[in-house]
Amino acid sequence: MLITELKSKEVLESLLTGKVFIINCHGCKEVSFPEKEAEEFEKELLAAGKVTGILTTDYICNPENLQVRLERRRAMIDEADAVLVLSCGVGVQTVAEYLTPKPVFAGCDTVRLPGFQGVTPQEFDCGQCGECYLNYTGGICPITACSKSLVNGQCGGSKNGKCEVDPNMECGWERIYRRLEATGRLDMLKCPTQVRNFATDAEVTK
Amino acid sequence: MENYTKYKLKNAEELLPVLAGTDNIFVIACNKCFKEFESVDEPDCGEFLKLAAEAGKTVTGSTQIDFLCNQTQTARKLKDAIPEGTEAIFVISCGLGIQIIADMVKIPVFAASNSLNYTGHHGMALTKKACDACAQCYLNITGGVCPIVDCSKSLINGQCGGAKDGKCEVDPNKDCAWEKIYRRLEEQGRLEEFRNQPVQLRDYSKVNFKLVNDYVKSIREKRFDGYYGGVHPSERKEMSEHCELERFPESDIMVIPLSQASGKPAEPLVKVGDTVKVGQKIGGKAGFISANVHSSVSGEVIAIEARTHPATRGGLSVVIRNDHKDTLDESVQPKGSLESLSREEIVSIVEEAGIAGMGGAGFPTSVKLNPGKPIEAVLLNGCECEPMITADHQLLLHYPDEVIFGLRAVMKAVDSPRGVIVIEDNKPDAIELFRSKCEGLDNIEVVVARTKYPQGAEKMLIKRVMGRMVPSGGLPADVGAVVCNVSTVKAISDAIQLGMPLIERVVSVTGECVRKPGNFLIRFGVSAREVLESCGGVPEGDVTFKMGGPMMGIPIPDVDVAVIKGTNGIIAYETDHSQEVECIKCGRCADVCPMELSPLYFNRYLKDGNIQGLKDMNIMDCMECRCCEYICSSKIPLVTRIKEGKNAVREMK
Amino acid sequence: MKITELFDRGEFVVSAEVGPPKGINIDHVIEEAKTYLSGITAVNVTDNQSSVMRLGSLATCKALLDAGLNPIFQLTCRDRNRIALQSDLLSAAMFGIENILCLTGDHTKLGDHPGAKPVFDLDSVSLIHTVKLLESGVDLGGNALVGDPPKFAKGAVVSPCSDSVDAQLAKMERKVLAGVDYFQTQAVFEPEKFIAFMEKAKQFGKPVQLGIIIPKGAAMARYMNNNVAGVHVPDDMLAELAADKERAKAGITGVEIAARVIKACRPYCQGVHIMALGWEKHVPALLEQAGI
């Protein structure tokens, strides 16, 4: 799950020196897209006569469909000095690869929701650590529920049960402790010392 | 296609110690996501069961579930699934599914799998590209190659010295990202710009818990707002919502189809050469589910013949040469006050006036008015959740008194103590108007619903307003509700107060290909061509025409079709040339289906010829709202497939 | 000298801490330590405390050692991965530093470089585990060390007055299981809480040094109550600090309070650790008042 945020106006203006073709990806609605901010920004560009065309579409990370849509707007793209893509990084890369040598710019920064979120954003996240710790923690993920992703228990930083990094966040390890207590499994805390393995899974790197 | 399955089974070495302390175990396996949907059966559950058997464990049962992380559906599927005597649950899924189950049940839950760690979000096409969401996109200085994901060290100021023959020091199968970047920039003629870039420093503090938490909360709120699922397509109502309602002139030749409601076409009551008047019945209903048809002009019948029909593509139409005198039929007489009419009289006026659901479905309204069950509330659908269309909005603004009168008539007909007008929050002017009109009416209220499609569908509206679920295969009356469209009750008001049968309606003419969009009061029988011509000309080129909205509207083969009772819009928009690609099990269709179905299986089973499977997955409950097709990341024409599937199921019976 | 030797002899071990400066001039730190802390057993050197970048803990420890003091090398997991941590441990042993204190470390967002990448490759427990391995002649990667392995007195921390003391005890036990030798606690102002905690903690059989902060005034106490994890200054002490501002400012009230806490807790612990936070000059008076 990702959140895309429009880059600052100064940054955007510094990128767009000539004419521009704009692509908005409203694709997977779960990737938040700054629709209003984008619209305002594009209106200004339009008024300044800098825009050769705007394509608002979805799933631009899907190369087959992206190509169909871009080809139908070839003239507008050729007329532009650069293409500005407002999407997550996957979309920008897909467009950039297809349109090279045309300079393709990212109009957004993409911010991560920690962990894999599944089909709908959850109160739970999976940090995709590759070595599930949930058996030791009563089913609460220490990788995502703890700001420091500690796997051997809490640090001393929580105050009133809240995380030192963000007082809006509950201390993950206190939650884990309560869950283990509630399920009569506090003995789990006597498991061997855990050391994380940060190597990427062999299956992925092959 | 890359396989981005999120988990793999832990190996025996890891599992046996965990299994050692447990017995009487129940196994839940997730059917995986983000991989090509090649097989319905994933092997992991079987492998684990085998291991558990070898370890001498008693297994109380097992189940394989799609998208374990879909909390709502998982809770429903697991209800009563875990047998008494189960002491531990083993979950095969990514960490998300395991946590969902651990949170849901009281017995200890164990992970039988490890998640797979990928760098970055892979998008919805399962290509090799990924975005690591670093919060400060560097693609602008790298020509569109991601240095965070593609460089093993995530370097942002250029390559390290480790590459050999263009390959990464970490993985000789991987190209050095920075060499790729260099070549890309060279192609784009941007090397100088790159050399002059200031030193880049990563900022790891950009994401904070509150931002994420608030976002997740808002998404979840939207997601479960009123009812499960649904989508938020771009509304695009701005094209026509400001256009004041105008009366559209009648044509010289009017083509009035005899089939304008669901069920059987009406029987013609006139013959060629007859003179007809406005409001004269020219087609008589031909069965229980059928509706009368009336002339919308005065003039001479010049043909009764097959013409292209917007929905059925065929069937008889009565063709009338308009004399433009607008002579009223003698039958058009006010029917008296509501107080003076009995409930039976109201139903028969509605039946006689040929009124059928004007939201698009076209179900004869008089049938709805005999629910045969006690009714607690009449819900008026003023949501107009379809994108683009603004017809009901205009109707609400211009005929508030008629709408309220019509609602009261329906309430009297079905003996309902309560009337509710539901309007989506994107129509604040209509909300304000109806709030003031309903002030002082103690049995009629206005409910404002947050915009979400398909809000106007009967079952969703009932869930939203009354919190009740219409059972599978059931009708609104089963939960004490009758749902009508606002245009329908306005027609009821006209039939009672003016005695005018249903001969006209409000139609939005819109879409990015329509030069001058508008909202018009149009008599039935005027052709879409004439309407479009007056709106700046019939659009040419690669255009899709629909009668109705983009979601549930019916595509029309050409514009020589008549406006009929269900025509709330004539839209023209650029044809979408998306190509269907393989299903990647992203789970979005199941996530948005307001009927809580799993549309990906309809596509899969239809391909496999597994008609029983279609039936078992409740394909017949689908109302073809198109949410799944709208959200489908693989652009699969799911509604077309579902229609085929339904036909196959019907034939099987 | 390893402070564990003193614990073993049954001595009441006193340590205090110094924070390295943000710069390279360290003379005044050494001078202060020599003046006020030479009478005590050991001096902790903090490791980029509160995630604020400073002179390194290892270098400061070496300087203290050269000046004749006995340093405790504090080591957090925030800024170094397992390679750097092990390497620094070997460096410390080579310098003759014999005491370490293993901590997870505050999050980077709390300090003066909030954009820094938080490492947390290891945590306090796995760091202790790693030290144990090094002591056995093997590194965390399973590779043998060449020559003599290092030997340390391995310390860790615990918060006896935390609002989740049960969870603290569970983590404490994990540290014990991983091989820790002694504990220093977060600052204590509530002796009864500390005593209750020690009743439970004594089962682990590891020496515990009571953590002490000399409160500098009511404002500082309130700040700690609101912002510092595991620290709570009760109302009566707050009132005492607020009663006479001049007295509090001169350190008289703070020293009195701290001495009282030490006296009350002394029978239940094996030492005291003073976090003077710049008030090193008051340490001798405190020890005297506390009767140590």
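Order of the sequence lines sets the chain letters (A, B, ...), proteins ahead of strands, with each chain counted from 1. Keep in mind it's a predicted model, so treat the numbers as computed, not measured.
Ser147(A) touches chain C through backbone and side chain together, each having a heavy atom under 4.5 Å away. The contact between Leu140(C) and chain A is made entirely by side chain atoms (from C-beta outward), counting heavy-atom distances below 4.5 Å. Heavy-atom distances place no part of Gln186(C) under 4.5 Å from chain A, backbone and side chain included. Contacts between Cys163(A) and chain C at a heavy-atom distance below 4.5 Å are absent for every atom of the residue. Looking at Pro167(A), neither its backbone nor its side chain comes within 4.5 Å of chain C, counting heavy atoms on both sides. For Asn81(C), no part sits under 4.5 Å from any heavy atom of chain A, backbone or side chain. Of the two parts of Arg78(C), neither the backbone nor the side chain holds a non-hydrogen atom closer than 4.5 Å to a non-hydrogen atom of chain A. For Thr104(C), the part lying under 4.5 angstrom from a heavy atom of chain A is the side chain only. The contact between Asn227(C) and chain A is made entirely by backbone atoms, counting heavy-atom distances below 4.5 Å.
A donor-acceptor pair under 3.5 Å is formed between the side chain of Gln154(A) and the backbone N or O of Ala167(C).
Under the 4.5 Å side-chain criterion, counting only non-hydrogen atoms from C-beta, Glu37(A) is not in contact with Glu5(A). You'll find the side chain of Val228(C) stays beyond 4.5 Å of the side chain of Glu164(A), heavy atoms only.
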- request: Start with the C-alpha gap between Lys50(A) and Glu44(A), add the side-chain angles, then the distance that decides, and say whether salt bridge (charged side-chain N to carboxylate O under 4.0 Å, His left out) holds.
  value: CA-CA 9 Å; Lys50(A) 291 178 107 178; Glu44(A) 278 174 39; over 6 Å; no
task: Test side chain to side chain contact (heavy atoms under 4.5 Å, CB included) on Val272(C) and Gln209(C) and set out the steps.
output: CA-CA 4 Å; Val272(C) 60; Gln209(C) 286 180 277; 5.8 Å; no
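Among the candidates Asp121(C), Val158(C), Val119(C), Val231(C), the residue making the largest number of heavy-atom pairs closer than 4.5 Å to chain A is Asp121(C). The candidate with the highest count of non-hydrogen atom pairs below 4.5 Å against chain A, out of Thr130(C), Asp166(C), Leu103(C), Thr108(C), is Asp166(C). No other option in Pro118(C), Ala229(C), Gly230(C), Ser124(C) has as many heavy-atom pairs under 4.5 Å with chain A as Ala229(C). Counting heavy-atom pairs under 4.5 Å between each of His129(C), His107(C), Arg82(C), Glu173(C) and chain A puts His107(C) at the top. Per-residue heavy-atom pair counts under 4.5 Å with chain A were compared for Ile128(C), Leu122(C), Leu110(C), and the maximum is reached by Leu110(C). Looking only at heavy-atom pairs under 4.5 Å with chain C, the residue among Lys190(A), Gln194(A), Arg196(A) that has the most is Lys190(A).
Side chains of Asn24(A) and Glu42(A): a donor on one and an acceptor on the other come within 3.5 Å. Looking at Asn48(C) and Arg54(C), their side chains never bring a donor and an acceptor atom within 3.5 Å of each other. Ser126(C) and Asp123(C) share a side-chain donor-acceptor pair at under 3.5 Å. With 3.5 Å as the limit, one finds a donor-acceptor pair spanning the side chains of Thr76(C) and Asp47(C).
When each of Glu170(A), Met169(A), Lys162(A) is tested with Asp166(A) by the rule side-chain contact (heavy atoms from CB on, under 4.5 Å), just one qualifies, namely Met169(A).
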